[in-house]
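Just so you know, residue 1 is the first one in the sequence shown, and it goes up from there.
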Amino acid sequence: MASLTQASTALSTSFKPTLQAVSSRSSGLKSVSFSITGKRFPSLSSRPGRFQVSCSAKPETLNKVCGIVKKQLALPEDTAVTPGSKFAELGADSLDTVEIVMGLEEEFGISVEEESAQTIATVQDAADLIEKLVEKKST
């Protein structure tokens with residue numbers, strides 16, 4: 001039987017959750033699920049040398065963001081735009097990125113601060129930010 005150790009990590013974002021994870025010494029930390037005030041973040045995973053957190057946005061939000069990105073960049077319909085797609089890899093320059101953010105603001109009825117807009121590099125980043133702003137707006 002593998003011996004178990006308990007690890008605690010604090011994530012630094014606008015909220016300060018504490019992560020309690022159990023890992024096996026023989027297999028290492030593979031996946032962790034935790035909740036913050038009723039919200040679940042099941043896609044927290046660890047890779048050798050890297051720790052990644054993904055706060056997956058709703059599929060409908062991701063689909064809308066993909067559509068807006070395709071429209072703003074005038075991409076062919078068969079171009080694959082996924083949550084991991086980076087705007088730069090899709091051919092977006094800084095002006096295109098500003099236009100994408102403006103399209104997102106209009107579609108979702110939100111206002112994205114310049115500081116937040118500068119952190120958006122992927123479709124997933126945009127969708128996560130949108131859900132955060134929509135939730136903040138409704139409270």
Joint hydrophobic cluster, Val98 plus Leu104, side-chain heavy atoms closer than 4.5 Å: no

Residue pair Leu62 / Gln124, side-chain heavy-atom distance below 4.5 Å: yes

Qualifying side-chain hydrogen bond (donor to acceptor under 3.5 Å, both in side chains) pairs, either residue in residues 77-92, two or more places apart: Thr82-Ser85

From Ile68 atom CD1 to Met102 atom CE, the distance as rounded to the nearest 0.5 Å: 12.5 Å

Inter-residue atom distance Glu60.CD - Lys58.NZ, 0.5 Å rounding: 6.0 Å

Spacing of Glu107 atom CD and Lys64 atom NZ [to the nearest 0.5 Å]: 5.0 Å

Side-chain donor/acceptor of Lys71 to backbone N/O of Cys66, under 3.5 Å: no

Under 3.5 Å donor-acceptor, Asp128 side chain and Asp125 backbone: no

Partner residues of Glu99 under the salt bridge (Lys or Arg N to Asp or Glu O under 4.0 Å) criterion, sequence neighbours left out: none

CG-NZ distance between Leu129 and Lys136, expressed to the nearest 0.5 angstrom: 9.0 Å

pair Leu73-Ile100: side-chain heavy atoms closer than 4.5 Å: yes

Side chains of Phe87 and Val69 in contact at under 4.5 Å (non-hydrogen atoms): yes

Euclidean distance, Ile130 CD1 relative to Ile120 CD1, rounded to 0.5 Å: 7.0 Å

For Ser111, all residues meeting side chain to side chain donor-acceptor pair (under 3.5 Å), sequence neighbours excluded: none

Any donor-acceptor N/O pair, Ser116 side chain to Val112 backbone, under 3.5 Å: no

pair Phe108-Thr61: side-chain heavy atoms closer than 4.5 Å: yes

Least distance between heavy atoms, Ala92 atom then Thr97 atom: CB-OG1, 4.1 Å

